[in-house]
Each structure stands twice: as structure tokens, then as C-alpha cells.
Amino acid sequence: MSETAIEFKNVIKRYGDTAAVDGMSLSIQTGELVTFLGPSGCGKTTSLRLIAGLELPTEGQVLISGRDVSNDPASERNIGMVFQSYALFPHMNVLDNVAYGPVIRGDNKAKAKDKAMEILDQIGLGGLQDRLPSELSGGQQQRVAVARAIVQQPDVLLFDEPLSNVDAKLRRKVRAEIRDLQRRFGLTAVYVTHDQEEALAVSDRIVVMRDGQIAQIGTPEDLYDRPASSFVADFIGDANLIAGTVSGGTFRAGDIALPIGGAEGSATISIRPERIRLLPDGPARVVSATYLGSRTEYVIATASSELLVSRPISEPAFVAGASVSVEIDADDLTRLAPA
Amino acid sequence: MLASKQTNTRAGVIWLGILLAGVVALPWYRQNSLLEGPVSSALAEGLGGRVWLLPGVIIALVLATLALVRPNWRREPVSLVLVISGMAFLLVQGFSIGLRGPAFDAVGLLIPAAMDGQPGLGWGGFVTGIALLILLSELLAARGFCRGERFASGAVVVITALLALFVFFPIVTLGSSAFISPDGTLGLSQFADRVSAPELWRLNCLRGDGRCGVVINTVILGTLAATLSTLLGLALAMLVARTDFRFKRALRAISILPIITPPFVVGVAIIVLFGRTGILTQLGADVFDVRASRWVYGLPGILMAQVLAFAPITFLVLLGTLEAINPTLEEASKTLGARPMATFRTVTWPLLKPGLAAAFLLAFIESLADFGNPLVLGGGYEVLSTKIFFAVVGARYDLGNAATLAIILLSLTLIAFWLQVRWLGNKSYVTVTGKSDAGLAAPVPPMIKFAAIAVIVPWVAFTLGVYVIVVGGGFVHDIGRLDLTPTFAHLRTAFSFEIGAEGLRLYGSAWDSMITTLQVSAIAAPLTTAIGILTAWLVSRQDFAGKKAFEFGTMLSFAIPGTVVGVSYVAAFNVPPVDITGTMVILIICFMFRNMPVGMRAGMAALSQIDRSMEEASQTMGAGGFATLRNVVLPLIRPAIFTALVYSFVTAMTAVSAVIFLVSARHNMATAYIMGRVENGEYALAIAYSAVLMVVMITCVALIQFLVGRSQLGRRKQLQGSAIAAAAE
Ligand SMILES: Nc1ncnc2c1ncn2[C@@H]1O[C@H](COP(=O)(O)OP(=O)(O)O)[C@@H](O)[C@H]1O
Ligand SMILES: [Mg+2]
């Protein structure tokens, strides 16, 4: 399963003077679920639409299954897309919505309806086929949108913020369903979200974007444990970013001194809050302690900086004002590329 | 996936086949082949002596060969070069060799055969042109134009070409005819003389010694008509939007009448009421001993008719403005202690002013374009639109002069449009949905309410009087002399028929024009709607280079007064290469391009309510632009389609200013027939015909409603309102 399903070769999309996508190159393997993650306006939707063919690149090439589709319209690519608003046709019932693609692509009515029924059954919507979209709950509408997108066995399945219209309580469930479906049907999928937790939960790989460019590509673990830049470290999970200098294999910032590899000179390191341990008594002071149910979050003042620390409640707690010492494993710190 | 790729290439190949048919099989010319026998193809004509046709044939053949040997021909630069040179060929040969010989002497020297000239294009020529346009759009789409969407690309290219041919080209031709003197020489001084002629600009009437020039007359009429109808419209809008006046619904209903009223008939009714032998004139003479005179002919009569016709338009515009004014502002003013009059003066009035300006300019533009009323009621009062007509149709055919007058009229109209855009931006002043927060709005002060009622009552009485005559006048012996014996004689003259041994026989003198009118309207309405809605979809959903210019072109066709369109079509289309005067086609085309902006507005308003991701979803499921339009967009914008259909149908039935130039003995229209009757003084016949026409229109609108608006029952009133609203913009 390592064929290339989608490839971007230095793709640029400009609207007037501004580049929404500014030189992206990446390849997505068959069968994997890749997420485009980044703050609002960074070009995620535009990138997705470039795959769909709803936008054509200003420069560069888009390849699907090895074929250059840069100038092909959406209707001539074999993709399925789940829109943020679901975009169900309000004047057609559920069955006609799902059978739309097969009919358009040349199946006769009966065969198209059979295909649609089959998918609806598999996706747990059997029995709702005669309803109009307006007669469905939000979650059901979303599943119809998914059924409609996969009934044609597309080369790629695209999701643009599919959970943004789903009840907060249901999000976990729906995203698990999506992931399960993608695995079950062996689909290649591209998923857009601005929510890092969602991205970590569903993805095989994540493309972190910033200002139309790729900040970093990697598995969720890669990005969490080895962020390449302070932008990524900050965007994914919480991170303590500490600026200091490296000399003689040791990173120093104030009273912090840690063994580190790499070039001498100034450096920034990132440490995840849950990788910092707290011990009673010492030079540091607890500024605040916040109980969050499953863990406690502390702000710790050291001589040189403030650190965010997260500890499980199974450990003894400290109160605000207590003096503590801070322990960090050299393995847990990541040296970030100079900005 | 592969299947769709194949259809793709196939479509391109089909159009190549059509292109070949256009040059080797179909008759290139309309008539007059050089060869013996029937008209023949470009290939045959070219080999038979008209050698200038051969390059086109060669280009088509090379293109077809290229497509055969290169599967990827749609992306090859050489294809684009070939298609563009094919189009250049078509234009150059068409415009450089006319009916009686070459346009430039050099061409004649180069190709002696060109001295004999060539007739207008026939099927072959038009099919070739269309095939080239579609091929161009295919090649552009293959390069990413319109996001690679072939249908959209085709629609943009074809509509642009149609606008160029049927909007820009006639105007440019008209402009150039203004510089040509009767003996055929070109001259600026000629134009300068015509433009500065004292008969255009005399100001004598203002000094009280004689008549003014025709331009001055037009502007005076426009200003007065716009002022009066704006005041009347304001009074109406105040009553409906801001008072508890009891007859609001009746007022709204009356305001719909003018759009289904055939031209001339209001003028005739006014003559019947106020003419020298008119009903009220006689009454005045008998009771008050007022001497009967011809006072109504001229400015007073035209003004009456125009105010009657335009007040509903200004009413709708101002109603929209009033209803859009947030009542909480007025509330606030009241809570701050302002008295009603002060609230009105400081809050309502300033907010109303832009609407007043819009209404005024709209009525002014309508008055400039009005042709029917000045013709019937003008007497010696000449305005530009009638003067243009007589310069072309009268005894002294003088296209140059008509063109000069048309340019002046067009300039006045464009200035008014420009002012409107300049002052008011491109905002719409009519809320189509007509949302009103009734109950919250501050009622107007009683003084103003009574003033408004005082204005409205005579207007309503007058309107009712006019329409009593319009409806009843055709069915009495002689309404003009108050002979009210009921009779069907007039109806019989117009529409008698017999069902005998040979089936249905139509004897009445009006049948021809009625049938033509119905045919033309029935063909034009769906085409107008189609091009209007399609254009709306392109403008609101597609991104393409040159979109701004495209939008401007569509609006331009609406801004040009009908009379100017008529003259420009005469100037442009009675000579090759596009020689279509005297056909039904020219009537249909004229309606299409004059009325498409209404469908476009309605379509754009409807599309702005629809989430475009539904169309994108359709595309991602494999539907091209056309399938998406048909399956997703059209079902969701049915009301807009209904509005466009009704408006274009009704307008085609009642239009006069442009078609009067374009009708022919074979293809006469109802309005032209009515005009003939009015000119002969056969008022009763004209009125009877008009009444029948109104009944036919109402029936057809109901039929359209049944066919298109099934799911929208009960919304007709509102939609008709929005048809007028769209027209009013
Ligand atoms: N059709 C468009 N026209 C002009 N600018 C656009 C268009 N679509 C997106 N943009 C701009 O491109 C940038 C990226 O947009 P988008 O891809 O929607 O971001 P995201 O989905 O990451 O929030 C934004 O600055 C947006 O304003
Ligand atoms: Mg987005």
C-alpha cells in the first residue's frame, strides 16, 4: 500500500495578489488518512479544493493516481467530498441524493438506486432513504453526505471540517466513525481541520500549514514529540518554549542546564508540560495550581522563566506558593529549528 | 473516469464535425449563389470563383486533420492559433466584401471576383461561426479557463460573442452611420451640423415665442414626468407603508396594471376622455360652457399618460425604501421627544432621499425611452424617440439623421444612468421580499396623510376611468362619440373566424399579427429566460478573466432606449454579413437582448440565497456544468425562472419602441397593428384588440404559472411584484 494517490508539485494558488497556497509539495499514499491542520486562513480549504478540482492551480501540478489533472475540472476527477455544510440537495430524498453520482456517471436508475441502498445500509441509514434532508438530524445528514461521497468508490475522499456542524458531545463518536469507515473501505482520505486534538485522533499523517505553506509533515507522534518549529510545537498540544544558548553540549537558560546535541550557539527548545516532573522543595515556586479532573496544571516560576506543567492527580499535589524543584529528562526536550 | 475522458474528447470531435459541415456541406449564403442551382457551400463557392472563402475551408480541414492525428489536440497551441485565425477569417471576409462589392478598393484590386460582392451569411456561415466559438471555449477550458469547466467556458464565450454581435455591433454601426451623409461620403462636419441644428436646441418655448427644439422638449417632458410620478409614487408609498389606509391591496393591484397594458391604449383612452370630441370635453362644454379645444395633444396629454404609467414604478421603488428604513430610528426620535412632524423631517425624510433620487432618475429614463404615448398624444410636440422613428420610417428616409438623434438620446440616457450609479451606487432599492415590520413603523403625521390621500384620489379616479374605457370601449358602438350601444362589431373585424368544410378559417384582420406576436413571444420568452438565468449563473458562480466587462455588456443592453435599439438594428442587420431584417429571427433576438437583464437580476437574487457548495458537490460527483445547472440549480430557483418568463413574455407582447422598426409585412406584431389602427383613427378597434391582448396575456401568465410554478402556488402576486421591481431597477 505505498502507491502515491495524490501528489502536489510546487502548487501555488493566487487570488489577485495574495497566495492562498504558496508553493506546496507533498505526496499522499493510497489508503492513508492525511489531515491538513492549521489556523484559520492558512490555506487548508484551498488545498483541499485544489485536489477536488474546484480550484485549479495558478502554478505547479496536481497529480491523482499518477495522472496530471492540473487543468481537469472536478467533474472529470474521481473524488468524493464531504462539505462543511453537507451540501445535500434539499429537493431530493436521501436515496436520490446518494444515487445522484452513479446516475450522473451513467448507471441506469435501478442500478444506481441499488448501489445507493447498499451504501446506506452499510453506513447505518437503511430505512431513511425516503426522507428529505430537512427531515434528518444533523448527524444523519452528515452520514448521508459521507454515503454520497463514497458510493462511487472515489480515488480520494475529501473532508472539509466535517465536525464543525456536529454537536460537541457527538464529535468524538462521529470522528471515530469516519476513521472506521475510511479503514473499512480502504479509502485514501484528506481531512481538513483547525482542531489539533481532532487531527491527532484521526490521522495517519498530519500536514501542518501556515500562511499557505507546509510547516511540517509527520505522524501525530512525530509532530507531538519532535516538532520542527516553535509554530508547530505551540500549535500542537501545549509546549514550553525556552530560548537559551548551547555550549559544550549543554543547553543553558538561566538556572536550567540540560545536555543537548547539535550546533553551538543560541537555541530554542520545546518541552511538553506532562514531561516535566515536580519534586517537593527547591528553588522554583508554584504560581498557580488548577485542578482539571484527570490532572492538575501548574504554572511554575523558575529563576529565568515560567513553565507550564501537567501532572496526573494520582501524584501528590502542590498548593500555590509551595517551593518545588523541577526535573526534566534530556530525552524529552526537542531542539527547534531556528525561526 | 476513463469514460468521462472519452466523452470529453468526443464532444470536441463532434464540434469539429459540425465545423466541417458548416464549410463543406451547408449553404454558406442566404441566397444568390454565383453557381447555377441552389445555394451551395463555402467549398463549392470558393472553388467556383469566390476564392476568399477558401482559407476558411483550409483552416477547418487542417484543424480536423490535427485532431485525428494528435489525440491531445485540445492542449496544442497550434489548435488555438487555427481556431482564432478561423474566426478572424470569418470576420474579415464578412466585413470587407459587402453585397455590392468590396468595402475597400484595395480588396477589389487584389481579388477581382470580389467586385461582384456577396450576399449575407446563411446556415453554413452561422454554423461555422458557432462551431468556432465552441471549439475556442473547449480549447480555453483545456487550459483552465472557468476552472476547466467546459459548459461554463462555452457559455461565457458564446454569450460574449452574442453580446458583441447584438448589443455592441449595432451601436457601433449606428455611431458610424451618424457620420455618413446621404450621398455616402464620410464627414465630421456633417455630424457637427446635425448635432448643432437649431431644430434640436431652440429654446423659444421658454421665452414664450414658439416651439422648442426636440432635445429641449424631451428633457422638459422627462423632468416633468419624473417629478410628478415621483411625487405620486411617494404619496402611494406613504399610504401603503406608513398608514392604516384601508385600500392598500387595491393600490398594489392597480400598480400592476401598466405592465400588462398594451402601448397606445392609454393614449387613446385619454383622447377619448379629453380630446376635442372627448367625453369629458363634451361634458365641460355642455355643463360649464368650456370651449372644446385640442389642449390635450402635446405636453399635457403625454405627461398624463406617462405619469399614469410610471407612478407604479416609482411607487415600488419608494415602497422598498420606506420599508427598509429601520423603524427603530423613528422610534428613537419619538422617545427623544420629537413631535411627529419633526421626526418625519429629521429622520424619515433624509433616509428617503436616495430612494427619491432613484425613482426620479428611473422615471426620467423611462420617459426618454417612451415612444407610444408621444406618438399618439404628441400633436406638434416632438420628442427624440418619435423624431427618430419618423427619420427612418417617414417619407424622408435619413438614417444618418436618425443615428445622430439616437446618439443624443442614448447620451441623455447614459448620463441619467451614470448619475444614478454615481449617487446611489449599485444598490437595489427594492426589497423583493418586501419584508415590513408593520406596527413598529412610525405613522406619518396626519397632515401628510391627508395630503397624500388628496393626491391619490384623483389619480385612482383617473386610472379607473382610463381602464373602464380600455376594457369597455372595444365593445360599444363608438366610445369616442359616447354611443354606448353594445356591439361585437370591432371584435368581429379583428378576429372573425369560421369553422367550415375546410376546417378553421380566420378572416379577421388582426389574426396575422396576433399569431405572430404569440409565436414570437412564446419563442422569445424561454430563450430570454435561458440567457438571463445562464448569465446570472455565470456572473455569480464562475470566475473568469474579463468578468467585469461581461457584466457591463449585459447591463448596457438594458440601458439603451428601445428606439435606439430599433434604429441600430436597422443600421446593422439589413446588409451582409448578418442580413436578418424582415425575419422573425430579428424580432426574437431583439427581445432576447433587451429583456435578458431582468432574468439576470432575478436569477442573481435567487442564486445569492443558495449555498454554492451544493453545486460543487454535484460537480465532485461527476456532473458537468450543464447537468449541475439542470439538476441542482434550476429546481431551486424556480420562482426566479417564473419571474423571468412572465416578464419576458409580457414585454414581448406589449413592446413597441424597438420592434416597430423591425416588423415587416410578413411578420407584423400586435402593437404595430394597433398603432396602425390608432393612426387611422379606428380607436374602437384598437381598444378591442388591446382588451383581447390583455386577456391573452393573463391567460398565458396563468399557463406559465401552471407549468413552472406548480410548487409555488399562491406566490404569484409577490412574484409579479418582483417582476416589476426587477424591471424598475
Ligand atoms: N475565492 C477566494 N477569493 C479570494 N481569496 C480567497 C478565496 N478563497 C480563499 N481565499 C483566501 O485564501 C486564504 C486561505 O483561505 P482558506 O483556504 O479558506 O483557509 P482555511 O480553510 O485554512 O481557513 C484566506 O486568506 C482567504 O481569504
Ligand atoms: Mg476552511
Side-chain angles (χ1 to χ4, degrees), chain A residues 15-16 45 48-59 64-65 67-92 96-107 112 133 145 148-158 160, chain B residues 1-9 11 72 74-75 137-154 541-545 547 609-638 710-712:
Chain A
Y15 293 109
T45 299
L48 198 73
R49 292 167 62 85
L50 283 163
I51 300 174
L54 295 170
E55 304 289 349
L56 301 185
T58 316
E59 280 173 43
I64 297 181
S65 305
R67 192 167 65 92
D68 184 350
V69 295
S70 308
N71 278 330
D72 289 357
S75 56
E76 286 164 25
R77 303 180 185 191
N78 187 23
I79 40 122
M81 184 154 173
V82 177
F83 289 82
Q84 202 165 353
S85 59
Y86 310 146
L88 299 178
F89 304 138
H91 57 298
M92 297 182 193
D96 288 338
N97 262 286
V98 180
Y100 184 86
V103 169
I104 287 289
R105 289 246 155 92
D107 284 346
R148 198 174 66 166
I150 63 176
V151 65
Q152 305 258 62
Q153 283 151 357
D155 290 346
V156 206
L157 181 57
L158 308 173
D160 190 0
Chain B
M1 171 116 261
L2 279 176
S4 73
K5 277 269 105 171
Q6 271 160 9
T7 31
N8 212 351
T9 340
N72 211 8
R74 289 167 77 234
R75 295 225 166 108
S137 76
E138 292 268 345
L139 302 185
L140 289 177
R143 288 175 157 67
F145 186 62
C146 287
R147 297 195 189 95
E149 189 43 70
R150 291 162 47 237
F151 174 76
S153 170
R541 293 295 202 259
Q542 300 293 328
D543 286 320
F544 51 90
K547 188 165 145 180
Q609 306 287 316
I610 294 172
D611 180 4
R612 70 192 281 173
S613 63
M614 279 189 283
E615 290 155 54
E616 294 174 345
S618 165
Q619 284 173 282
T620 61
M621 285 183 276
F626 181 69
T628 300
L629 200 59
R630 193 189 53 203
N631 297 324
V632 179
V633 180
L634 296 187
L636 297 176
I637 60 166
R638 282 248 288 265
R710 266 169 309 190
S711 63
Q712 315 290 336

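In what follows, chains are A, B, ... by sequence order, proteins preceding strands, each numbered from 1.
Annotation: the span from B:T628 atom OG1 to A:I104 atom CD1 amounts to 7.0 Å, rounded to 0.5 Å. Within the model, atoms CE of B:M621 and CD1 of A:I79 stand 10.0 Å from one another, a figure rounded to the nearest 0.5 Å. In this structure, the separation between CG on A:D160 and OG on B:S613 is 9.5 Å, given to the nearest 0.5 Å. We find the CD-CZ distance between B:Q619 and A:R77 to be 11.0 Å, quoted to the nearest 0.5 Å. Note that CD of A:E55 is 7.5 Å distant from CG of B:D543, once rounded to the nearest 0.5 Å. Atoms CD and OG, on B:E616 and A:S75 in that order, are 12.5 Å from each other to the nearest 0.5 Å.
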**Request:** Take A:E76 and B:R150 through the test side chain to side chain contact (heavy atoms under 4.5 Å, CB included) and record every step on the way to the result.
**Result:** CA-CA 11 Å; A:E76 286 164 25; B:R150 291 162 47 237; 4.1 Å; yes

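No part of B:R612 comes within reach of chain A, as not one of its non-hydrogen atoms sits under 4.5 angstrom from that chain.
Between chain A and the options B:A141, B:G624, B:A623, B:C146, the largest number of non-hydrogen pairs under 4.5 Å is found for B:A623. The most heavy-atom pairs under 4.5 Å with chain B, out of A:P90, A:A52, A:G53, come from A:P90. In terms of non-hydrogen atom pairs under 4.5 Å with chain A, the most contact-rich of B:A627, B:A617, B:A142, B:G625 is B:A617. The candidate with the highest count of non-hydrogen atom pairs below 4.5 Å against chain B, out of A:M92, A:R49, A:Q152, is A:R49.
At a threshold of 4.5 Å between non-hydrogen side-chain atoms, the residues B:V632 and A:Y100 count as touching. Counting heavy atoms from C-beta outward, A:F89 and B:P635 have side chains that stay 4.5 Å or more apart. For the pair B:T620 and A:L158, the minimum side-chain heavy-atom distance is 4.5 Å or more.
Counting only distance, with no hydrogens or angles, the side chain of B:R147 and the backbone of A:L54 share a donor-acceptor pair below 3.5 Å.
The existence of a salt bridge linking A:D68 and B:R75 is excluded, since no basic side-chain nitrogen approaches an acidic carboxylate oxygen closer than 4.0 Å.
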